[in-house]
Chemist: 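Below: one structure in structure tokens.
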2 protein chains.
Amino acid sequence: MASDVIWPHGLQHGGKRPGSPTLVQATYDSMREDILSGRLQPGTKLRAEALKERYNVGASTLREALNLLVGEALVASEGQKGFRVTPMSEADFRDIVRVRKMLETQALRESFELGDDDWEAEVVAAFHRLSRIEERVSDDPAGLSGEWEERNRAFHAALISACPSRWLHHFIGILFHQSERYRRIAFSQSQGPVKRRDVHAEHEAIYEAAIARDVAQACALTEQHIDRTLSFLSDGGAFHQFGAQ
Amino acid sequence: MASDVIWPHGLQHGGKRPGSPTLVQATYDSMREDILSGRLQPGTKLRAEALKERYNVGASTLREALNLLVGEALVASEGQKGFRVTPMSEADFRDIVRVRKMLETQALRESFELGDDDWEAEVVAAFHRLSRIEERVSDDPAGLSGEWEERNRAFHAALISACPSRWLHHFIGILFHQSERYRRIAFSQSQGPVKRRDVHAEHEAIYEAAIARDVAQACALTEQHIDRTLSFLSDGGAFHQFGAQ
DNA sequence: ATTTTACACTTTTTCGATATTATTCGGCCA
DNA sequence: TGGCCGAATAATATCGAAAAAGTGTAAAAT
């Protein structure tokens with residue numbers, strides 16, 4: 001049956017695939033987390049020997065994981081010259097933001113149109129979970145950020161979960177991870193006091209528009225929400241680091 | 001530099017990547033062609049031994065190619081139970097068509113806005129090449145179809161080539177290949193006299209709208225063009241084969 | 001008759017070694 | 001000095017075999 005198809009990337013499930021305790025998968029997951037977090041910096045050459053040791057795997061297992069990451073554009077393969085972490089640039093991020101706005105608002109429209117009571121309940125639950133951690137996140141930003149990432153992802157996933165388009169979910173998932181990389185790397189490397197941004201208020205506004213089924217409002221707010229990540233990083237001067245490679 | 005990044009999939013270059021005469025690439029290309037053409041049927045289990053022999057490669061080379069295809073969603077990986085050719089379904093194709101229309105019209109808008117004289121010249125050239133083969137294609141449909149595929153792809157690529165969004169190109173490329181699989185498989189397996197469809201007229205109309213820089217018209221025609229593939233396959237009863245697996 | 005268990009067999013996954021290709025470095029010549 | 005060729009070195013790409021996991025069958029037990 002077609003519904004059994006395993007989709008390579010997506011926003012539904014949080015990283016782990018249904019049944020796949022293979023070494024390749026584990027390596028892929030660790031490596032992706034290392035790239036997203038910036039532990040493996042943009043543009044870094046990925047030498048086989050070093051990575052084999054780092055992840056405790058053999059040569060082909062490693063390369064398989066690498067090739068999976070190529071599909072998500074987190075790693076670039078360069079002919080016979082090995083792999084490297086996909087470089088980042090301001091232009092790339094602007095592009096991601098533009099396309100992401102388009103896809104996510106479309107998914108939102110379809111989701112609002114088709115979402116039933118169960119969908120609404122999911123959204124309520126996801127927003128609740130996110131709110132709870134956003135109350136506490138100012139106390140312990142470092143310790144809770146991993147969990148916040150997850151609940152933030154879950155909230156955005158819930159909003160569009162009633163959209164039936166597999167392909168929209170697929171592409172949105174890819175772009176979401178890309179954005180996450182920019183956000184996390186820029187955030188961790190920004191020095192000095194960071195101008196606070198009331199993300200929770202933005203989430204709340206989107207949430208209320210969702211419950212009211214106000215499509216236009218929800219789309220507008222979502223676009224702002226995505227845009228603000230860009231101007232936030234841009235204003236914070238986070239893009240300087242991407243100049244040289 | 002960011003512009004040196006190699007994008008895994010896309011509509012620009014026709015299959016072959018810049019400099020990559022690696023075995024993995026060759027295997028990936030052959031295998032993709034086999035899937036697109038239907039020689040490897042949807043849902044088929046991909047057994048390592050058989051494929052090693054078929055493509056004359058070792059186990060890890062094969063798996064690397066397989067993992068690359070997973071990124072394009074032409075192959076699905078199932079836990080520890082191997083790989084299989086991604087199944088097809090009418091619902092999936094409808095989804096592809098919907099999303100493709102959205103992305104391609106957006107790319108068209110951006111391309112029209114930014115395209116200069118060089119872009120126009122490219123479009124003219126690509127249309128000319130396509131027209132020439134479409135004149136001859138009724139004589140020898142089988143022999144020329146490969147070349148037609150290529151020129152058709154090139155024409156559509158030229159239309160949107162002035163759109164600067166890498167990500168749009170990336171996603172459009174994936175969906176284009178997916179559509180191609182549906183079209184080719186449905187077409188090759190449809191029996192009996194096929195209702196002829198004047199594809200050339202559709203291309204010509206789009207071409208003229210492009211030269212006139214009539215965005216609205218070009219988008220509308222492109223949507224029709226993409227839609228017609230769907231209704232063409234649907235009317236031809238080509239979807240029956242996707243019921244059972 | 002149905003479920004359970006054990007076993008043999010098939011297929012996938014993983015590893016380490018080898019072959020191939022890039023890169024670096026030093027000497028040579030203009 | 002500066003550029004170019006070729007050997008030495010380093011890194012990647014590929015292979016084939018060993019290990020792990022899944023699958024099916026048939027006898028034993030309920």
Chemist: Give one of base, sugar-phosphate or nothing for A:Arg47, where a contact means two heavy atoms less than 4.0 Å apart.
Modeler: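 Contact class for A:Arg47: sugar-phosphate only.
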Chemist: Round to the nearest Å and state the distance from A:Leu62 atom CG to C:dC15 atom C1'.
Modeler: 12 Å
Chemist: How many angstroms lie between atom CE of B:Met88 and atom CD1 of B:Ile35, to the nearest 0.5 angstrom?
Modeler: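 Between B:Met88 CE and B:Ile35 CD1, I get 11.0 Å after rounding to 0.5 Å.
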Chemist: Could you state the CG-C1' distance from B:Leu51 to C:dT13, rounded to the nearest angstrom?
Modeler: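 Value for this atom pair: 15 Å.
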Chemist: So what does B:Glu49 hit on the nucleic acid, given a heavy-atom distance under 4.0 Å: a base, only sugar-phosphate, or nothing?
Modeler: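 No contact.
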Chemist: Please say which of B:Thr61, B:Thr27, B:Asp34 ends up in a side chain to side chain donor-acceptor pair (under 3.5 Å) with B:Tyr55.
Modeler: B:Asp34
Chemist: Between B:Lys45 and B:Glu78, does any NZ, NE, NH1 or NH2 come within less than 4.0 Å of an OD or OE carboxylate oxygen?
Modeler: no
Chemist: Could B:Glu90 and B:Arg94 be called an ion pair, given the rule that one side-chain N must be under 4.0 Å from one carboxylate O?
Modeler: yes
Chemist: By the definition side chain to side chain contact (heavy atoms under 4.5 Å, CB included), identify the one residue from B:Leu68, B:Val70, B:Leu62 that meets it with B:Leu66.
Modeler: B:Leu62
Chemist: Rounded to the Å, how far apart are B:Arg63 CZ and D:dA19 C1'?
Modeler: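 From B:Arg63 CZ to D:dA19 C1': 13 Å.
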Chemist: D:dC15 P sits how many Å from B:Glu64 CD, rounded?
Modeler: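 Going from CD in B:Glu64 over to P in D:dC15 covers 10 Å.
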Chemist: Expressed as a whole number of angstroms, how long is the span from A:Asn56:CG to C:dC15:P?
Modeler: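 It works out to 9 Å between those atoms.
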Chemist: Is any NZ, NE, NH1 or NH2 atom of the basic residue among A:Arg181 and A:Glu72 found under 4.0 Å from an Asp or Glu carboxylate oxygen of the other?
Modeler: no
Chemist: Is the shortest distance from a Lys or Arg side-chain nitrogen in B:Arg132 or B:Glu147 to a carboxylate oxygen in the other one below 4.0 Å?
Modeler: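 The answer is no: the pair does not qualify as a salt bridge.
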Chemist: Kindly say if A:Thr61 contacts the phosphate of C:dC15, meaning a side-chain N or O under 4.0 Å from OP1 or OP2.
Modeler: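 True: A:Thr61 side-chain N/O within range (under 4.0 Å) of C:dC15 OP1/OP2.
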Chemist: Rounded to whole Å, please give me the gap between CD in B:Glu78 and P in D:dT23.
Modeler: 10 Å
Chemist: Applying a 4.0 Å non-hydrogen cut-off, can you work out what B:Leu46 is touching in the nucleic acid: base, sugar-phosphate, or nothing?
Modeler: sugar-phosphate
Chemist: Please tabulate, one pair per line, each protein N/O and nucleotide N/O from nucleotides 16-22 of chain C that are separated by under 3.5 Å, including the distance.
Modeler:
none

Chemist: Please pick, from C:dT11, C:dT14, C:dT13, the nucleotide with the shortest atom-to-atom distance to any side-chain atom of A:Leu23.
Modeler: C:dT14
